[in-house]
Amino acid sequence: MQTNNKNFEVGRFMVSPMSQARDGGGFDALVSIRSGHGMASVDRVMRFTPQFRSSRAAVRYASAEGLAWARAH
């Protein structure tokens, strides 16, 4: 799994976009969205359906989806 070290805060959420190489080629986009602190923290991880040709494209997509989710909640 690769992160882009471009974590960003949106309100009370910390959004961490990532990419993961597929066995057959291409990349998956994933995003971790964390909130809370200590024992009261929650971490949601979402994997998206589209396959991407590059890690950069997957991370860009994960960033946009994570931002949209955090803004809506």
Side-chain angles (χ1 to χ4, degrees):
M1 187 140 348
Q2 300 172 351
T3 63
N4 69 345
N5 296 327
K6 300 282 184 178
N7 301 340
F8 54 93
E9 288 187 53
V10 179
R12 63 188 178 104
F13 300 107
M14 176 62 70
V15 178
S16 302
M18 299 169 268
S19 68
Q20 185 174 32
R22 288 188 173 191
D23 290 337
F27 294 87
D28 288 330
L30 300 92
V31 66
S32 164
I33 301 174
R34 293 182 302 283
S35 63
H37 298 284
M39 295 296 292
S41 65
V42 175
D43 190 1
R44 296 162 183 85
V45 178
M46 294 176 262
R47 178 186 303 264
F48 301 103
T49 304
Q51 181 176 348
F52 299 89
R53 291 182 183 214
S54 71
S55 175
R56 177 181 258 175
V59 168
R60 191 172 23 239
Y61 184 87
S63 295
E65 291 294 318
L67 178 62
W69 189 95
R71 285 182 173 167
H73 293 86

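For clarity, every value in this text was computed on a predicted model and none was experimentally measured.
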Working to the nearest 0.5 angstrom, can you tell me the gap between [X] [atom1] and [Y] [atom2]?
{"X": "Glu9", "Y": "Arg34", "atom1": "CD", "atom2": "CZ", "value": "9.5 Å"}
{"X": "Ile33", "Y": "Met46", "atom1": "CD1", "atom2": "CE", "value": "3.5 Å"}
{"X": "His73", "Y": "Arg12", "atom1": "NE2", "atom2": "CZ", "value": "9.5 Å"}

Is there a side-chain contact between [X] and [Y] (heavy atoms, below 4.5 Å)?
{"X": "Ser32", "Y": "Met18", "answer": "yes"}
{"X": "Phe27", "Y": "Arg56", "answer": "no"}
{"X": "Phe8", "Y": "Ser16", "answer": "no"}

Parallel, tilted or perpendicular: rings of Phe48 and Tyr61 (30°, 60°):
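Taking Phe48 first and then Tyr61, their aromatic rings stand perpendicular (interplane angle over 60°).
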
Quick check: closest heavy atoms across [X] and [Y], and the distance to 0.1 Å?
{"X": "Val15", "Y": "Leu67", "value": "CG1-N, 4.5 Å"}
{"X": "Arg22", "Y": "Thr49", "value": "NH2-O, 3.5 Å"}
{"X": "Ser19", "Y": "Ala58", "value": "CB-CB, 3.8 Å"}

Shared ILVMFWY cluster between Met14 and Val10, side chains joined below 4.5 angstrom?
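In one cluster with Met14: Val10, no.
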
Donor-acceptor pair, distance only, cut-off 3.5 Å: does the side chain of Gln51 make one with the backbone of Gly25?
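Looks like yes, one N/O pair under 3.5 Å.
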
Could you walk me through whether Ser35 and Arg44 pass the side chain to side chain contact (heavy atoms under 4.5 Å, CB included) check?
CA-CA 9 Å; Ser35 63; Arg44 296 162 183 85; 3.8 Å; yes

Run the numbers on Gln20 and Leu30 for side chain to side chain contact (heavy atoms under 4.5 Å, CB included), then give the verdict.
CA-CA 8 Å; Gln20 185 174 32; Leu30 300 92; 3.7 Å; yes

